[in-house]
Peer 1: 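Let me give you the structure first, and then I'll get to my questions.
Numbering of ligands and ligand atoms starts at 1, following listing order. Because the structure is predicted, anything quoted here is derived from the model rather than measured. Throughout, numbering of the chain's residues begins at 1 and tracks the sequence. Hydrogens, waters and symmetry mates play no part in the numbers below; they use all other heavy atoms, side chains included.
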Amino acid sequence: MSRCLLISNRLPFAYNSKLGAFTPSAGGLASAIKGLDSSKVGFDFEWMGIMTDDVDAQMLEQLKADSTKSIPCHPIIVPKEEYDHYYNSYCNNVIWPLFHYERSMVRHSQKGWESYITVNKLVADAILAEAKDDDIVWVHDFQLMLVPGYVKEQRPKLKVGFFLHIPFPSSEIFRELPQRREILQSVMRCDLVGFHDLSYLNHFRSSLQRVLGEVPMSDKMWGVYPISVDSKHFMDLADAPETQECIRQYSENKKNMKWILGVDRLDYIKGILLKLRSFKSFLKKFPEWLGKVQMVQIVIPSRTEVPEYQQLKRQIEQLVSSINGEYGTPTYMPIHYIYHPVSENELSALYQLSEVLHVGSRRDGMNLVSLEYVMSQKRDNPGIILLSEFTGAHSTLSYAMSINPWNIHDTAGRINEALSHPEDLCRREMLAMKDFLRNYTSSDWAKIFLRDLLKEPTEQERAQVLPVNGRFPWMRDLAGKRVLFFCDLDGTLAPISAFPKDVRLNERTIELLKKISEKDDCQFVVVSGRDKEFLEEQFVHHDFKFPLAACHGAYSYNPMEQQWTNLIPHDSTKWKDTVLEILKLYTLRTPGSFIEDKGHAITWHYRNSPIEFADFLANKLFFELEEVLTSQPVQVNRGKKVIEVKSIHANKGFFVQQWILQQAQKPDVVVAIGDDTTDEDMFGVLQERKDLLPFCIKVGREETQANYLIGEQKSVNQFLQNFLTSLDQ
Ligand code: GDG
């Protein structure tokens, strides 16, 4: 079986320095991962998580050596002070509140961000040291969002997946994060990114659009994988003798009282105060239930040293006591409040005995408590769930009763409805949800995610990524060979600029190109979508001695004769008037957009326009042009923030084909490099000519027919430098 390294902030147990012992970690992520069944998922799991350097060294050794654990654990040791800044000042003070839409709780801190970087790097280093090439790395949750970027930087071929356990907020909120780019850029390096709910994925995509300006074409990179629970474990637990004993004891006190259960970590996202207020409103609106219904609220202590959490605890306790004071009697206490964890058996007994489970989260990535409740229900006494529509579980539990926790009065009414829900309906609905979860467990969740992660080779894998040393292996065999090198300009030799006219080659590129052009065995041809004048300005004025192809190969420049040739002189350009007329209307409506007429091609640029609006219009424009131009000899293309209509003959593929045919001597090797959709025409043609040993290189990370990748334009010079050296060696 392959090995899968699970990476999370914590291991399933934490070291408690006061007790000098390891105690189980609280929370959903730990319970979900603990439930994974290695044989069912088909991977050997090993768990890597952070431990601070105040851990007792001897105990740590014992822990590492302990082979009795179901998942072997590798602690990653991090200095305590650094960890505290990372965890408290960034994870808990910035990401947690922001991603849960609690903007007023966000406390920005530069030190926190710096520690986030440091700790993420330490975790990445530990992964790089541990992971073998055929291992899979599965990074979990918001504390480690920079890890994929650091790992992929060093080991691009290592399979890395990322799962976010909390909501991904609307791009309107996410955009406020000062470090939004760094985080998105890192997560985008993963082979697969998973979310609990489709809405989170949609928000993530629109954030990519708004923050990075583009969404990669391939949908293979992400998916929606709602987490589940270890269903069998909860069913077994429900029948365990210890649980049955708890049920017996609790029943003696409960008698005919109906219980509304709440199980929440102490956290503002869980909406405990809203829940208490709606219970109070329920008692007021439906006094007939007084003395017959009790709320049992378990609150698990969490982040106890943080002032906001201490304040929340006080507020909860004040409200509980005011409700109990107002509605209680010597024989009736409306709220039974417990501020400590209970054992698994006690929890299962409470799940089984409670007629209603009330989950009132303001926001919650998934909410496992609701799923566990379902798996603990029995046919003869099924309960009902009041479930906040702001939880991920809301999409999984189709028969739960939806509530908007902010609507206190409506929720009060829903509590009444839940308590009066006919028992046979409760049974049917609960059993349907239970059937679903019986077949979809946390192991299935992991299995499906990991299967997708491994499913098809990603484009990064199909294409070989430029190694850290800047040299592809095939470059070792170039010496003495006749090389024909087709090279794109914008986005390849020079970075894309907001204004196309500003694009310039940098000094280093000029120097490298000059050297390449002096090589007898290498013919270097610039193949660009630009017009003749622009290419002349860039290359002829710099005295480069190599051929140029303008307008996607419609014109070619011979440096010896210093002349341009129109390669498609009889081309019809009747379509241009129609296109210009349409483009002018779109340009009028889109600030920052403009038209470029290149002769055999017309381009509409919208790089400087309000991006979502312009993308929306570009989509419409694309379809409108395709429709209007169906019978014309043109092609409509979507490129990087451009829509281009060009003669079918103005095609880089067509150009390279003709160029190769005209060569007196067949080249031994053909290299082609480019970043945009028009370069794909060139790659497509060359990939068919295996006899020419084609090496097609894509600059960027989008879907491509090229078999080699250079992730970023800024690495192109390094590649050219190595190419140059390879010609001589
Ligand atoms: C995060 C996301 C997402 C609670 N009290 C006791 C106890 N628990 C266990 C429950 C459950 C877990 O803790 C809580 O899980 P949740 O999912 O409800 O909440 P978070 O801790 O906030 O988890 C969440 C989750 O990650 C997984 O992706 O669902 O949205 O916020 O397993 O059973 N267990 C015991 N005694 C208790 O008193 N034994």
Peer 1: What atoms in ligand 1 come closer than 4.0 Å to a heavy atom of Gly365?
Peer 2: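 Checking each atom against Gly365, I get 30 (O).
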Peer 1: Are any of the N/O atoms on Arg265, whether in the backbone or the side chain, positioned under 3.5 angstrom from an N/O atom of ligand 1?
Peer 2: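 Checking ligand 1 against Arg265, an N or O pair does fall under 3.5 Å apart.
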Peer 1: What are the atoms of ligand 1, with element, lying closer than 4.0 Å to any heavy atom of Ile300?
Peer 2: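 Taking each heavy atom of Ile300 in turn, ligand 1 has 4 (C), 5 (N), 6 (C), 37 (C), 38 (O) under 4.0 Å.
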Peer 1: Does NZ in Lys280 sit with more than 12 non-hydrogen atoms of other residues, nucleotides or ligands closer than 6.0 Å?
Peer 2: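 12 or below, so no.
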Peer 1: Flag Asn367 as yes when one of its N or O atoms lies below 3.5 Å from any N or O atom of ligand 1, and as no otherwise.
Peer 2: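 Between Asn367 and ligand 1, an N or O pair is found under 3.5 Å apart.
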Peer 1: Does an N or O anywhere in Leu347 fall below 3.5 Å from an N or O of ligand 1?
Peer 2: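 So ligand 1 has no N or O lying under 3.5 Å from an N or O of Leu347.
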Peer 1: Give a yes or no on whether a salt bridge exists between Glu429 and Lys434, defined as a side-chain N under 4.0 angstrom from a carboxylate O.
Peer 2: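 No, Glu429 and Lys434 are not salt-bridged.
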Peer 1: Provide the closest heavy-atom pair for Met48 versus Ala126 in the form atom of the first, atom of the second, distance.
Peer 2: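 It is CE-O, 3.5 Å.
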Peer 1: Taking the six-membered ring for Trp, are the ring centroids of Trp138 and Phe45 within less than 6.0 Å of each other?
Peer 2: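 No, ring centres 6.0 Å or more apart.
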Peer 1: Give a yes or no on whether the ring-centroid distance for Tyr87 and Tyr83 is below 6.0 angstrom.
Peer 2: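 Aromatic pair counts; centres sit under 6.0 Å.
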Peer 1: For the rings on Tyr116 and His85, is their centre-to-centre separation under 6.0 Å?
Peer 2: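 No, the ring centres sit 6.0 Å or more apart.
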Peer 1: Answer yes if the ring centres of Phe204 and Phe174 are under 6.0 angstrom apart, and no otherwise.
Peer 2: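 Aromatic pair excluded; centres sit 6.0 Å or further apart.
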Peer 1: Less than 3.5 Å between some nitrogen or oxygen of His340 and one of ligand 1, yes or no?
Peer 2: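 His340 vs ligand 1: no N/O contact under 3.5 Å.
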Peer 1: Which atoms of ligand 1 have any heavy atom of Glu372 under 4.0 Å away?
Peer 2: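 Counting atoms of ligand 1 from 1, those under 4.0 Å from Glu372 are 10 (C), 11 (C), 32 (O), 33 (O).
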Peer 1: With nothing but distance in play, are any N or O atoms of Met366 less than 3.5 Å from an N or O of ligand 1?
Peer 2: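 Yes - when backbone and side-chain N and O of Met366 are compared with those of ligand 1, one distance drops under 3.5 Å.
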Peer 1: Measure centre to centre between the rings of Phe99 and Phe168, then say whether the value is under 6.0 Å.
Peer 2: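 Centroid separation for Phe99 and Phe168: below 6.0 Å.
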Peer 1: Measure from atom 16 (P) of ligand 1 to every heavy atom in Asp141, Thr391, Leu368 and give the option owning the shortest one.
Peer 2: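 It is Leu368 that holds the nearest heavy atom.
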Peer 1: Check ligand 1 against Pro341 and write out every atom of the ligand that is under 4.0 Å from a heavy-atom position of the residue.
Peer 2: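 Ligand 1 atoms under the 4.0 Å threshold to Pro341: 38 (O).
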Peer 1: For atom 4 (C) of ligand 1, which of Asp267, Leu371, Val263, Ile227 has the closest heavy atom?
Peer 2: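 Going through Asp267, Leu371, Val263, Ile227 one by one, Val263 has the nearest heavy atom to atom 4 (C) of ligand 1.
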Peer 1: Out of all atoms in ligand 1, which are within 4.0 Å of some heavy atom of Asp364? Include the element for each.
Peer 2: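 Counting atoms of ligand 1 from 1, those under 4.0 Å from Asp364 are 24 (C), 30 (O), 31 (O).
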Peer 1: Under a heavy-atom criterion of less than 4.0 Å, does Glu346 contact ligand 1?
Peer 2: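 No, Glu346 has no heavy atoms under 4.0 Å from ligand 1.
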Peer 1: Quick one, Ile384 and Met401 - any side-chain contact, counting heavy atoms below 4.5 Å?
Peer 2: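 Yes, close enough: below the 4.5 Å cut-off.
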Peer 1: Is the closest basic N to carboxylate O distance between Arg303 and Glu308 below 4.0 Å?
Peer 2: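 So Arg303 does not pair with Glu308 through a salt bridge.
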Peer 1: Using a 4.0 Å heavy-atom cut-off, say whether Lys270 meets ligand 1 through its side chain, its backbone, both or neither.
Peer 2: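 Just the side chain.
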Peer 1: Using distance alone, determine whether His165 and ligand 1 share an N or O pair under 3.5 Å.
Peer 2: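 It does: an N or O of His165 is found under 3.5 Å from an N or O of ligand 1.
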Peer 1: Atoms of ligand 1 less than 4.0 Å from His196 heavy atoms?
Peer 2: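 Those qualifying, in numeric order: 28 (O).
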